[in-house]
Amino acid sequence: MPPVILLADANNFYASCEAALNPQLAGKPLLVLSNNDGCIVARSAAAKKLGFKMGQPLFQCLDLVKKHEVEVVSSNYPLYADMSARVMQVLARFAPQMEPYSIDEAFLALPGFSPAELDWHSKTLRDTVRRWTGITVSVGLAITKTLAKIANERAKKVPELEGVFDISAYSTEKLDELLANTEVEDVWGIGRQRGRLLRQYGYSTAYDLKYAPDGWLKKNLTITGLRTAWELRGIPCLPLELAPPPKKAIACTRSFGGSVTKLAELREAVATYSSRVAEKLREQGSVAGVIQVFIHTNHFNPREPYYANHYTMRLAQPSSFSPTLVNYAQHALEQIYRPGYRYIKAGVIVTDLSSQSAFQLGLLEGPDPWEVEGEGRLMSAVDTLNQRFGREKVRLASSGLERRWWMKQTRLSPRYTTNWQELPIAFAT
DNA sequence: TCTGGGGTCCTAGGACCC
DNA sequence: TCTGGGGTCCTAGGACCC
């Protein structure tokens, strides 16, 4: 018997994090905004009920916000990352094997449980996460990840299920009935484009997708679409990833608080982003072989000329040394900068990553090992300081002081769990 | 006026080679 | 006028996810 897959997925995660640390928000309509306070990226249950849509620009629904006195906050990623780690720690106690899949969900493998045991286990898991973290998770159980996703979705939607839905022991008939009542776009791996194509050919439900011919699936949805159909048939094609594989690309890209026209300001932003990229590289022990910089103006505004460009460079030697990456990025920026435009976003992406240690071993014809050693020690000293005293406490001067381009975050909640000065207050005297 | 960020995987097509 | 066949590698772009 293959193990049952349990998918635990937090409800309205970002909104729940805010409410968990600020009891005054409990039960109220609450919106969490994207970087720059532009779009809605999370909604509390009450806000969903009022009709706010995921991804909707805030300025389009200000009337509704005012009318219902909806609370609105900027996104606070250090808080969500910390809460996520706490939730994951609790979840890990409930299975021998776990794959943290995203900031708010994880797959668990449960071998050798009876249906009654699965039910008790899932309810205990849910209660424990709620009591220990203040976050509510929904649980779906099935024999493949794709089916567990569908079960989880139901657990969220149908109140009678009380947050847990187990379809791991369903007969083919029962499962097919459930799939026939599931829109094809609600299947994990079927987005807008594939949904449209499937419907054109008359495949409008998960059931239709399950029984679509393999040849058609492979040809039109590639191997990934074929795997999805097999998973619906109960054949596991997506194994649990127990150890997170190293990233193959690392990026830091941001919209500016307002538009930026001067090269000097773009240079600050690009220096900041490439420093951050270098830091992320060092976190996973990688060096980058290729760096790309892009900038663009606002493509939503038809009244002003649009310009977008990117420039890619191969490093002479793979590196994670901040000053090196900043220098390359600055050079790349100069290749694509054109005066006279109002830029609203820039980004730095590194690829062709390899392991720091493998790189150093193969260094017979490489750079001076003493130099690399010195760079490494400098960076680890900087990283240690910043971990201890807060991000960017030590940084390159080229990343700017005034930083007029910095993103807008006008409604940031306190860093309740990651800063001693901003702990939640239980009793005020 | 105001519209997120960071990833993965897959394929088609071009360059290049013998 | 007629102009092979098969393979690899790389990249850009598309689709998807949260």
Side-chain angles (χ1 to χ4, degrees), chain A residues 7 9-14 31-42 53-63 65 72 74-77 80-81 84 99-107 145-146 149 152-153 184-198 217-228 237-238 241 244-259 273 276-277 280-281 283-284 289-290 292 294 296-304 306 308 310 312 314 342 344-353 407-411:
Chain A
L7 171 63
D9 188 326
N11 301 355
N12 323 321
F13 182 60
Y14 296 169
L31 302 176
V32 181
L33 302 180
S34 61
N35 272 341
N36 246 355
D37 294 345
C39 295
I40 298 168
V41 296
K53 297 285 174 240
M54 185 73 174
Q56 192 179 17
L58 181 67
F59 74 88
Q60 288 177 359
C61 48
L62 283 173
D63 289 347
V65 169
V72 179
S74 305
S75 43
N76 186 341
Y77 284 97
Y80 312 147
S84 173
E99 174 194 348
Y101 174 68
S102 73
I103 194 163
D104 75 331
E105 62 191 301
F107 291 104
K145 284 180 166 180
T146 304
K149 275 273 185 185
N152 189 288
E153 205 58 35
V184 76
E185 296 84 0
D186 293 342
V187 176
W188 189 38
I190 305 300
R192 279 245 298 279
Q193 300 298 323
R194 290 177 172 191
R196 198 188 322 157
L197 185 74
L198 281 158
L217 290 167
K218 173 81 195 324
K219 178 160 174 278
N220 291 285
L221 304 184
T222 80
I223 187 73
T224 50
L226 184 59
R227 276 192 206 118
T228 297
C237 301
L238 306 168
E241 303 254 4
K247 293 192 195 330
K248 297 172 178 176
I250 288 176
C252 181
T253 72
R254 292 272 181 287
S255 300
F256 305 130
S259 59
Y273 304 164
R276 176 67 189 133
V277 158
K280 289 189 195 176
L281 278 169
E283 264 169 41
Q284 78 160 25
V290 168
Q292 179 180 83
F294 72 81
H296 65 77
T297 63
N298 187 352
H299 53 283
F300 289 105
N301 187 348
R303 288 182 304 283
E304 74 179 78
Y306 178 62
H310 57 89
T312 307
R314 174 163 289 280
R342 305 201 308 147
I344 62 153
K345 184 172 179 176
V348 176
I349 303 161
V350 290
T351 52
D352 194 23
L353 309 189
M407 61 186 170
K408 276 186 290 200
Q409 288 180 296
T410 55
R411 310 155 195 260

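All chains are named by letter (A, B, ...) in the order of the sequence lines, taking the proteins before the strands, and each is independently numbered beginning at 1. This is a predicted model, so every value here is computed, not measured.
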Check against salt bridge (charged side-chain N to carboxylate O under 4.0 Å, His left out), A/K248 and A/D352
CA-CA 7 Å; A/K248 297 172 178 176; A/D352 194 23; over 6 Å; no

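- Looking at heavy atoms from C-beta onward, A/Q193 lies out of side-chain contact with A/L198 at the 4.5 angstrom threshold.
- Here the nucleotide nearest the side chain of A/T222, chosen from B/dT11, B/dT8, C/dC18, is B/dT11.
- When distances are taken from the side chain of A/W188 to each of C/dC18, C/dC16, B/dG4, the shortest belongs to C/dC18.
- Nearest-nucleotide assignment on DNA chain B puts the 5′-proximal partner with A/L58, out of A/P246 and A/L58.
- A/Q56 comes within 4.0 angstrom of no nucleic acid atom, judged by non-hydrogen atoms across all strands.
- A/K280 has a side-chain polar atom (N or O) that falls below the 4.0 Å cut-off from OP1 or OP2 of B/dG7.
- Judged by a 6.0 Å distance limit and a 45° cone about the ring axis, A/K145 is positioned over the six-membered ring of A/F107.
- As rounded to whole Å, 16 Å separates atom C1' of C/dC16 from atom CG of A/N220.
- A/Y101 places its OH atom 8 Å from the P atom of C/dC17, with the value rounded to the nearest Å.
- Residues passing the side chain to side chain donor-acceptor pair (under 3.5 Å) test with A/T146, sequence neighbours excluded: A/E231.
- Inspection of the A/T312 and A/Q292 side chains reveals an N or O donor paired with an N or O acceptor under 3.5 Å.
- The phosphate of C/dC18 (OP1 or OP2) has a side-chain N or O of A/K149 nearer than 4.0 angstrom.
- Set against B/dT1, B/dT8, C/dC18, the side chain of A/R303 has B/dT1 as its closest nucleotide.
- With rounding to whole Å, A/K145 atom NZ is found 12 Å from C/dC17 atom C1'.
- Closest contact between the side chain of A/A251 and the listed nucleotides B/dG5, B/dT1, B/dG7 involves B/dG7.
- Nearest nucleotide to the A/T253 side chain, out of B/dT3, B/dG7, B/dG6: B/dG6.
- Comparing B/dC2 with C/dC18, their C1' atoms are spaced 25 Å from each other, to the whole Å.
- Contacts of A/I223 with the nucleic acid, taken as non-hydrogen atoms under 4.0 Å apart, involve only primed sugar atoms and P, OP1 or OP2.
- A/L197 has its CG atom 15 Å from the C1' atom of B/dT11, to the nearest Å.
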Let me check I have this right: for DNA chain C, each base becomes ., (, ), [, ] or |, based on Watson-Crick or G-U pairs with both distances under 3.5 Å. What is the full string?
....||||||||||||||

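- Comparing B/dT11, B/dC2, C/dA15 by their closest approach to the side chain of A/K218 singles out B/dT11.
- Rounded to an integer number of Å, the gap from A/L353 CG to B/dG7 P is 10 Å.
- Judged by distance alone, the side chains of A/R194 and A/T224 do bring a donor and an acceptor atom under 3.5 Å apart.
- The CZ-C1' distance, from A/F107 to C/dC17, rounds to 11 Å in whole Å.
- At a threshold of 4.0 Å, the pair A/K149-A/E105 counts as salt-bridged, since one of the basic side-chain nitrogens sits closer than that to a carboxylate oxygen.
- If you check every strand for non-hydrogen atoms under 4.0 Å, A/I250 touches sugar and phosphate atoms only.
- With rounding to whole Å, A/K247 atom NZ is found 11 Å from B/dC9 atom P.
- Among B/dG6, B/dT3, B/dG4, the nucleotide with an atom closest to any side-chain atom of A/Q60 is B/dT3.
- The number of heavy atoms from other shown groups lying within 6.0 Å of NZ (A/K280) is above 12.
- Within the nucleic acid shown, A/D104 comes within 4.0 Å of sugar-phosphate atoms alone, with no base atom in reach, counting heavy atoms only.
- Distance from the side chain of A/R227 is smallest to B/dC10 among B/dC10, C/dC18, B/dG5.
- The side chain of A/K248 lies closest to B/dT8, out of B/dC10, B/dT1, B/dT8.
- Considering only side-chain N and O atoms, A/K345 lies under 4.0 angstrom from the phosphate OP1 or OP2 of B/dG5.
- Side-chain nitrogen and oxygen atoms of A/S255 include at least one within less than 4.0 Å of the OP1 or OP2 phosphate oxygen of B/dG5.
- Place A/R254 and A/C39 on DNA chain B by their nearest nucleotides, and A/C39 ends up nearer the 5' end.
- In this structure, of C/dC18, B/dT8, B/dG5, it is B/dG5 that holds the atom nearest to the side chain of A/N35.
- In this structure, A/V277 reaches neither bases nor backbone, as no heavy-atom distance under 4.0 Å exists between it and the strands shown.
- Ion pairing between A/R342 and A/E304 holds under the 4.0 Å rule for side-chain N and carboxylate O.
- Between A/D37 atom CG and B/dC2 atom P there is a gap of 14 Å when expressed in whole angstrom units.
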